[in-house]
Number of protein chains: 2
Amino acid sequence: MTEHSATTSAAAEPATARGEQTRQLILDTAMRLFRERGYAQTTMRAIATEAGVAVGNAYYYFASKEHLIQEFYSGSQAEHRNRSAQVLRRENDFAARLRGVLHAGIDVNAPYHSFAATFFKTAAEPTSPLSPFSAESSPAREASIALFREVLEGSTAKVDPELRRDLPELLWLAYMGVILYWVHDRSHDQTKTRTLVDGAVPLIDRLVGLSRLRVVRPVTREVIALIHALRH
Amino acid sequence: MTEHSATTSAAAEPATARGEQTRQLILDTAMRLFRERGYAQTTMRAIATEAGVAVGNAYYYFASKEHLIQEFYSGSQAEHRNRSAQVLRRENDFAARLRGVLHAGIDVNAPYHSFAATFFKTAAEPTSPLSPFSAESSPAREASIALFREVLEGSTAKVDPELRRDLPELLWLAYMGVILYWVHDRSHDQTKTRTLVDGAVPLIDRLVGLSRLRVVRPVTREVIALIHALRH
DNA sequence: GTCGTAGTTTGAACACGTTCAAGAAGGGTG
DNA sequence: CACCCTTCTTGAACGTGTTCAAACTACGAC
């Protein structure tokens with residue numbers, strides 16, 4: 001499963017109302033137990049029992065235990081967009097918009113911090129479909145990048161036109177960095193991650209502003225060329 | 001095991017020559033099988049059988065299957081220091097030294113790229129003792145940071161004195177970033193990671209050089225203050 | 001030589017994720 | 001109503017990581 005993926009016996013999309021209901025029941029039960037006991041301490045048997053179905057039934061709808069988490073992932077992403085929309089409507093300063101969206105991302109995920117670690121563990125594995133870089137999560141990634149495109153485009157920021165095209169992806173990458181820090185953040189209520197955001201945003205803002213200066217321009221070009229060469 | 005660590009029934013350090021021998025035999029067998037078949041495809045039973053011992057014996061010396069990998073981790077780190085030493089003796093230009101050490105890091109790990117992903121998966125989990133940020137791998141981390149301190153101190157680079165103290169840690173962090181990219185790098189012979197290093201090093205070099213300029217100084221201070229606030 | 005103890009080794013047993021062949025429900029078609 | 005076919009459900013069985021009580025080994029003390 002690790003070295004060769006692809007064999008994932010794709011779980012079924014429910015085709016009937018009954019199916020949809022069962023799927024939702026299993027998912028809700030799983031999420032509840034994950035929150036109550038943690039991911040590792042929640043067995044598939046426990047989920048099935050609590051949901052009142054057979055173990056195999058869970059595997060009819062979800063290819064694996066980890067795939068149960070992917071659901072929460074896309075759910076939280078939608079919620080992230082919602083909460084960001086408020087800030088984006090209010091602000092038009094680039095730094096304020098970026099800061100708002102980053103904080104919104106933390107807000108949305110905060111309730112799951114305790115088992116986000118487990119999710120992250122899987123996501124970090126390159127062959128995993130849950131990896132934020134994988135083809136399988138490409139739609140989710142694109143949606144997230146689109147959010148940062150909106151941060152930029154709705155703002156008054158003046159940016160090197162060539163950088164403008166790639167900046168949303170870079171901001172998304174920075175967001176991934178924030179998440180990475182957040183996952184490891186053991187401080188109370190993850191306040192340190194807030195500090196990181198509040199400290200990093202002005203720096204990014206200044207950097208982006210500088211990108212247009214004639215002296216810095218060549219460096220900007222260099223960076224852009226590099227990330228183009230590195231993209232998959 | 002995920003949410004609450006600590007319970008790790010610590011595996012024994014061999015106290016006799018016989019023990020030392022068995023431990024080494026198990027480790028060698030495991031590493032061979034990992035390379036031959038990949039991590040996931042290698043069962044503890046297979047390791048035990050091939051090594052000619054009982055399954056339980058492997059667990060006497062290694063707390064878990066993943067702990068077998070930690071051994072390779074510290075081994076590769078020693079090898080990284082060795083190989084870096086050659087470059088560090090030859091060069092005294094900061095960029096050249098940094099580039100050399102980063103490439104050495106990739107060289108050393110290249111043979112294990114196929115299953116480094118699995119290792120990384122575990123290392124990414126915050127609660128794991130294998131995490132490069134964990135207390136348990138603190139000695140390894142310190143050793144690695146020391147390597148980057150040598151990169152800096154043996155060089156002719158002029159650096160803001162306040163930054164000088166923290167720069168090695170930042171370089172180590174950049175190295176972690178390179179490794180992160182490398183793990184996900186699917187290009188032939190991971191040539192893209194080489195591109196990343198060759199592209200990023202001049203940028204870092206320029207940035208470090210700028211840190212002393214009167215205009216940039218306040219930003220430098222800001223960055224330093226931020227990373228101090230964020231350190232655990 | 002016998003005993004005691006620390007160190008080592010064993011393999012059956014356990015828990016959990018996952019699979020799969022068999023069957024049940026549901027509902028359209030004649 | 002009888003039939004078929006898709007969709008869904010079941011739970012026993014499998015493979016694998018891990019545990020543990022019991023046994024074995026080595027070796028110094030007496």
Side-chain angles (χ1 to χ4, degrees), chain A residues 1-5 7-27 29-30 33-34 37-70 118 121-122 125 128-130, chain B residues 1-5 7-27 29-30 33-34 37-70 118 121-122 128 130:
Chain A
M1 179 131 130
T2 299
E3 334 279 308
H4 305 289
S5 53
T7 13
T8 346
S9 59
E13 283 293 299
T16 71
R18 174 169 63 123
E20 182 57 43
Q21 206 176 331
T22 307
R23 189 192 137 93
Q24 204 46 239
L25 174 63
I26 292 166
L27 187 56
T29 308
L33 292 182
F34 286 166
R37 322 180 179 174
Y39 178 81
Q41 280 69 41
T42 305
T43 69
M44 289 301 281
R45 282 167 182 79
I47 295 171
T49 304
E50 288 266 319
V53 300
V55 164
N57 204 0
Y59 281 93
Y60 181 75
Y61 292 107
F62 302 94
S64 74
K65 187 182 175 187
E66 281 169 349
H67 273 75
L68 279 163
I69 302 188
Q70 193 158 31
T118 310
K121 171 180 168 162
T122 308
E125 197 192 10
S128 163
L130 272 69
Chain B
M1 179 136 135
T2 299
E3 334 277 307
H4 305 288
S5 53
T7 13
T8 346
S9 58
E13 284 291 302
T16 69
R18 175 167 64 125
E20 182 56 43
Q21 204 176 334
T22 307
R23 190 192 138 93
Q24 204 47 239
L25 173 63
I26 291 167
L27 187 56
T29 309
L33 292 182
F34 287 165
R37 322 180 180 175
Y39 178 81
Q41 280 69 40
T42 305
T43 68
M44 288 302 280
R45 283 167 182 77
I47 295 170
T49 304
E50 288 266 319
V53 300
V55 164
N57 204 1
Y59 282 94
Y60 181 74
Y61 291 108
F62 302 94
S64 75
K65 188 182 175 188
E66 282 168 349
H67 275 74
L68 279 163
I69 302 187
Q70 193 160 28
T118 310
K121 171 181 169 161
T122 307
S128 163
L130 273 69

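Just so you know, these numbers come straight off a predicted model, no measurement behind them. Throughout, protein chains are lettered first and strands after them, A, B, ... in sequence-line order, and every chain is numbered starting at 1.
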*Asks:* May I ask you to evaluate whether A:T22 reaches the phosphate of D:dT9, defined as a side-chain N or O under 4.0 Å from OP1 or OP2?
*Replies:*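 So the side chain of A:T22 is within the cut-off, an N or O lying under 4.0 Å from OP1 or OP2 of D:dT9.
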
*Asks:* For a quick test of reading the model: is some side-chain N or O of B:Y60 closer than 4.0 Å to OP1 or OP2 of C:dT8?
*Replies:*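 So the side chain of B:Y60 is within the cut-off, an N or O lying under 4.0 Å from OP1 or OP2 of C:dT8.
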
*Asks:* Report the distance from atom CZ of A:R23 to atom P of D:dT7, rounded to the nearest whole Å.
*Replies:*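 Checked: the CZ to P distance equals 16 Å.
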
*Asks:* Output the residues of residues 48-58 of chain A in contact with DNA chain D, where contact means a heavy atom of the residue under 4.0 Å from an atom of the strand; sort by number or write none.
*Replies:*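 Here the set is A:V53, A:A54, A:G56, A:N57.
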
*Asks:* Whole angstroms only, please: what is the CE-P distance between A:M44 and D:dG11?
*Replies:*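 From A:M44 CE to D:dG11 P: 16 Å.
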
*Asks:* Quick one: side-chain contact (heavy atoms from CB on, under 4.5 Å) partners of B:Y61, sequence neighbours excluded?
*Replies:*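 B:P14, B:T22, B:R23, B:I26, B:N57.
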
*Asks:* State whether A:T43 places a side-chain N or O below 4.0 Å from either non-bridging phosphate oxygen (OP1 or OP2) of C:dA15.
*Replies:*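 No, outside the criterion.
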
*Asks:* Using whole Å, what does the distance between atom C1' of nucleotide C:dT8 and atom CD of B:E13 come to?
*Replies:*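 In whole Å, C:dT8 C1' lies 15 Å from B:E13 CD.
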
*Asks:* Among the candidates D:dG17, C:dG7, C:dT18, find the nucleotide nearest to the side-chain atoms of A:K65.
*Replies:*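 For the A:K65 side chain, the nearest candidate turns out to be C:dT18.
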
*Asks:* Look at the side chain of A:R18 and the base of C:dG26, then say whether one donor and one acceptor between them are separated by less than 3.5 Å.
*Replies:*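 No such pair is found, so the answer is no.
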
*Asks:* Under 4.0 angstrom, heavy atoms only, what part of the nucleic acid is B:F62 near: base, sugar-phosphate, or nothing?
*Replies:*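 If one applies the 4.0 Å heavy-atom cut-off, B:F62 turns out to touch nothing in the nucleic acid.
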
*Asks:* Mind calculating the distance between CD1 (A:I47) and P (C:dT18) to the nearest angstrom?
*Replies:*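 For the pair A:I47 CD1 and C:dT18 P, the rounded distance is 10 Å.
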
*Asks:* How many whole angstroms separate atom CD of A:Q41 from atom C1' of C:dA15?
*Replies:*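 Answer to the nearest Å: 13 Å.
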
*Asks:* With a cut-off of less than 4.0 Å, is there a side-chain N or O of A:Y61 near OP1 or OP2 of D:dT9?
*Replies:*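 True: A:Y61 side-chain N/O within range (under 4.0 Å) of D:dT9 OP1/OP2.
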
*Asks:* Should A:S64 be listed as having a side-chain N or O under 4.0 Å from OP1 or OP2 of C:dG17?
*Replies:*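 For C:dG17, OP1/OP2 do not have a side-chain N/O of A:S64 under 4.0 Å.
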
*Asks:* Is it true that atom CD of B:Q21 has more than 12 heavy atoms of other residues, nucleotides or ligands lying nearer than 6.0 Å?
*Replies:*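 Open: at most 12 neighbouring heavy atoms sit under 6.0 Å from CD of B:Q21.
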
*Asks:* Test: salt bridge (charged side-chain N to carboxylate O under 4.0 Å, His left out). Region: residues 38-48 of chain A. Which pairs qualify, not counting sequence neighbours?
*Replies:*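 Residue pairs with at least one partner in residues 38-48 of chain A: there are none.
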
*Asks:* Compare every heavy atom of B:T29 with every heavy atom of B:I47, then report the nearest pair and how far apart it is.
*Replies:*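 Taking B:I47 first and B:T29 second, the nearest heavy atoms are O-CG2, 3.7 Å.
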
*Asks:* How close or far is atom C1' of D:dT9 from atom CG of A:L25, stated in whole angstroms?
*Replies:*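 To the nearest whole Å, that distance equals 13 Å.
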
*Asks:* If the cut-off is 4.0 Å, is A:Y59 near the phosphate of C:dT18, judged by side-chain N/O to OP1 or OP2?
*Replies:*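 Answer yes for this pair, as a side-chain N or O of A:Y59 is under 4.0 Å from OP1 or OP2.
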
*Asks:* Is there a donor-acceptor pair under 3.5 Å between the side chain of B:T42 and the backbone N or O of B:L33?
*Replies:*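 Side chain of B:T42 to backbone of B:L33: a pair is present.
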
*Asks:* Which whole-number value in Å describes the distance from B:Q21 CD to C:dT9 C1'?
*Replies:*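 From B:Q21 CD to C:dT9 C1': 14 Å.
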
*Asks:* When rounded to the nearest 0.5 angstrom, what distance separates OH in B:Y59 from NE2 in B:H67?
*Replies:*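 It is 11.5 Å, given to the nearest 0.5 Å.
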
*Asks:* When only distance counts, do a donor and an acceptor, one from the side chain of B:R45 and one from the base of D:dG17, lie under 3.5 Å apart?
*Replies:*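 Between D:dG17 and B:R45, which were checked side chain against base, a qualifying N/O pair under 3.5 Å is present.
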
*Asks:* Applying salt bridge (charged side-chain N to carboxylate O under 4.0 Å, His left out), which residue pairs with at least one partner in residues 50-64 of chain B are found, sequence neighbours left out?
*Replies:*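 As it turns out, the salt bridge (charged side-chain N to carboxylate O under 4.0 Å, His left out) pairs with a partner in residues 50-64 of chain B, which skip direct neighbours, are B:R32-B:E50.
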
